[in-house]
There are 2 protein chains.
Amino acid sequence: MKIAVDAMGGDFAPKAIVEGVMLAQKEFPDTEFQLYGKESAIREHLTNEKNIVIIHTDDKIESDDEPVRAIRRKKEASMVLAAKAVKEGQADAIFSAGNTGALLAAGLFIIGRIKNVERPGLMTTMPVMGQPDGGFDFIDMGANADNKPEHILQYAILASYYAKNVRGIANPRVALLNNGAEATKGSELTKKAYELLAAEGSINFTGNIEARDLLTGAADVVVTDGFTGNAVLKATEGTAMSLMSVLKKSILGAGLKGKIGALLLKDALRGMKKELDYSSHGGAVLFGLKAPVVKTHGSTGPEAVSHTIRQIHTMLESNVIGELVTYFDEKMEEVTEN
Amino acid sequence: MKIAVDAMGGDFAPKAIVEGVMLAQKEFPDTEFQLYGKESAIREHLTNEKNIVIIHTDDKIESDDEPVRAIRRKKEASMVLAAKAVKEGQADAIFSAGNTGALLAAGLFIIGRIKNVERPGLMTTMPVMGQPDGGFDFIDMGANADNKPEHILQYAILASYYAKNVRGIANPRVALLNNGAEATKGSELTKKAYELLAAEGSINFTGNIEARDLLTGAADVVVTDGFTGNAVLKATEGTAMSLMSVLKKSILGAGLKGKIGALLLKDALRGMKKELDYSSHGGAVLFGLKAPVVKTHGSTGPEAVSHTIRQIHTMLESNVIGELVTYFDEKMEEVTEN
């Protein structure tokens, strides 16, 4: 198993990336890690070279580069070389904490879509409050700005395979994000998507879910169009961040009483923060491509990098993409035969 | 000034409604309150009849009634009679804490749209974290499941008038909810809406806003389609509720230490809850109709009822709807002349 790592992507690269890879190196002695980036900078942090291959390059994609242009022009950037390694079969998956748009573009244009998958979607496993091991796979978080009902059906199939193969959920409950729980609710898009989902035999469609119930664990997979998914994800993050900062300010404003109170509640407050942290499930997958293309936050640390490599390892080990390739291939044959 | 009140709408009706009206009665001695509902039940809570008129009816719309059917069939329901009073000029505005869908239907079909306003939107003033007096007007929160770019432009005009006339903001900053801050970002819908907003001289359009920045006070008015608005509002509410419940559970789970800590932080925690409570700004307006049609949460108490009546009072006093009628009338004339 070979994982191509963009060692130069993210706010703390290459340090956080190299340190994260070394954590994963201990956990997965069967895996080769290909580190793409500036060799001298990588070596500064690398203390164990077992199963590590460094592919030196001076160029990299910056976080504010225009994605598609960067991919096309910076042919020697660490991310581009890593993606090419996957395309050419020298690596099985790519990991980056760099420019999200550029990684999406590299995934689409260099690695390419699974045959018959129309629009790959960005998927992440979100947390369920009060269930530290719980989570739901949310797709599309924003790879696309406009989706058709057929894309949403494909997301449901993709994420169901993921929940089964990677998260070990036997019969994942799939819900459609909608503006009401009743089957008759929705926009033109979600009403049509509902019909397609209800008619699809290969998934366990349980109906609509409203955005207010997302974090309650009512579904294992939640599908939506990329515009709504992006807005809902950002609203969730923004509300959580705003609340944490209001709480912090209130505590600081309460003087000595506040300080003692916060000290006594330290574990409780830390627990609350931990519930919100979904990095233990790994990063965001651009799903529907021929290989795992996985992204973590730019501000990610070594721990989160190693979680994401574990996720990629499970994706490869469980052959989730191989099974999806077969599914979408056979499905299209059926359509042609009928 | 005459306000038609659906005394039977909401979980605590008529008690909470009547008590709220009596709070408003003291604040606004110039206003007549018409209470529609079961007279004996209303009188049980009414201790001051000054400026109060009771219009008795036995029928009411239940929270689980199918909205449009209920409005058409329950011709004697308190909400329907209140809406008819507005239509016939016997009242200037309607207030209800009952079935939201039914109130939307009553507003649209009985009271009717302002001429040239295509799709009235549901608007509420949302809180800004860390600014107790701050807020932004968010429209459409879900009156429509599908919107066109032109509707979003109309929302911007409606809400700008509201922010000016009702909230006293001289030159309200209008932002478009979008999937990125850059002008080139967006779906087909938001890209076209952006163009229309940028070209509209009568508003102060400041560009895109992402859902994660909503609660930071970056805009006075935020416009979006009803599907996205509904999802974002519910994601915000759901996240806040989930976090509060996780925090509560963590505190309870921390034993004596937690109890003392929570006691010391009582004010801070209460402050956090208060920041989230936007009922002081009033209820949700179905905006774009010929009269104020305003809704509060079903679980609303007397205090929130009185805030909402204050909001309606300001809407009437500032003649915001009269000015909008003139604006949309003249605008259409311009279009016809050109």
Side-chain angles (χ1 to χ4, degrees), chain A residues 129-130 142 144-146 177-180 185-191 210-216 224-228 230-247 249-251 253-254 257-272 275-276, chain B residues 129-130 142 144-146 177-180 185-191 210-216 224-228 230-247 249-254 257-258 260-272 275-276:
Chain A
M129 295 294 112
N144 303 283
D146 290 288
L177 186 65
N178 212 337
N179 62 358
K185 286 275 183 171
S187 61
E188 285 175 28
L189 174 66
T190 57
K191 280 180 184 168
E210 293 189 84
R212 73 159 67 86
D213 296 323
L214 281 177
L215 305 181
T216 64
T224 185
D225 67 281
F227 189 87
T228 307
N230 185 267
V232 161
L233 187 81
K234 285 175 181 165
T236 301
E237 285 179 358
T239 305
M241 274 165 54
S242 292
L243 276 184
M244 296 299 271
S245 105
V246 164
L247 184 62
K249 226 170 113 184
S250 303
I251 289 172
K257 219 170 67 171
K259 271 184 200 151
I260 301 172
L263 205 67
L264 289 168
L265 286 182
K266 203 168 72 177
D267 294 341
L269 295 174
R270 196 175 287 161
M272 180 175 161
E275 292 248 14
L276 283 171
Chain B
M129 295 294 112
N144 302 283
D146 291 288
L177 186 66
N178 213 336
N179 62 357
K185 286 274 182 172
S187 62
E188 285 175 28
L189 174 66
T190 57
K191 281 180 185 169
E210 292 189 83
R212 73 158 67 85
D213 297 322
L214 281 178
L215 305 181
T216 64
T224 185
D225 68 281
F227 189 86
T228 307
N230 185 267
V232 160
L233 187 80
K234 285 175 181 165
T236 301
E237 285 179 358
T239 306
M241 273 165 55
S242 291
L243 276 185
M244 297 299 271
S245 105
V246 165
L247 183 63
K249 226 170 112 186
S250 302
I251 289 172
L252 290 173
K257 221 170 66 172
I260 301 172
L263 206 66
L264 289 168
L265 287 181
K266 204 168 72 177
D267 294 340
L269 295 173
R270 195 174 289 161
M272 179 176 163
E275 292 249 12
L276 284 171

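Everything numeric here is computed off the predicted structure, so don't read it as measured data. Residue numbers begin at 1 in each chain, while the letters A, B, ... track the order of the sequences.
For Ser242(B), the side-chain contact (heavy atoms from CB on, under 4.5 Å) partners two or more places apart in sequence, or in a different chain, are Met129(A), Leu215(A). With sequence neighbours excluded, no residue forms a side chain to side chain donor-acceptor pair (under 3.5 Å) with Thr224(B).
Within the 4.5 angstrom heavy-atom criterion, only side-chain atoms of Thr190(B), from C-beta onward, approach chain A. Looking at Leu243(A), the atoms closer than 4.5 Å to chain B (heavy atoms on both sides) sit in the backbone and in the side chain alike. Of the atoms belonging to Val232(A), heavy atoms from both backbone and side chain fall under 4.5 Å from chain B. Both the backbone and the side chain of Glu188(A) come within contact range of chain B, with heavy atoms under 4.5 Å apart. Of the two parts of Thr228(A), only the side chain, counted from C-beta on, holds a non-hydrogen atom closer than 4.5 Å to a non-hydrogen atom of chain B. The parts of Asn179(A) that come within reach of chain B are both its backbone and its side chain, each placing non-hydrogen atoms under 4.5 angstrom from that chain. At a 4.5 Å heavy-atom cutoff, the contact between Asn178(B) and chain A is made by backbone and side-chain atoms alike.
Interface check for chain B: of the options Gly142(A), Ala211(A), Gly186(A), the most heavy-atom pairs under 4.5 Å are formed by Ala211(A).
Checking Asp213(A) against Thr216(A) by side-chain atom types alone, no donor-acceptor pair falls below 3.5 Å.
Looking at Asp225(A) and Leu189(A), their side chains come closer than 4.5 Å, going by heavy atoms from C-beta outward.
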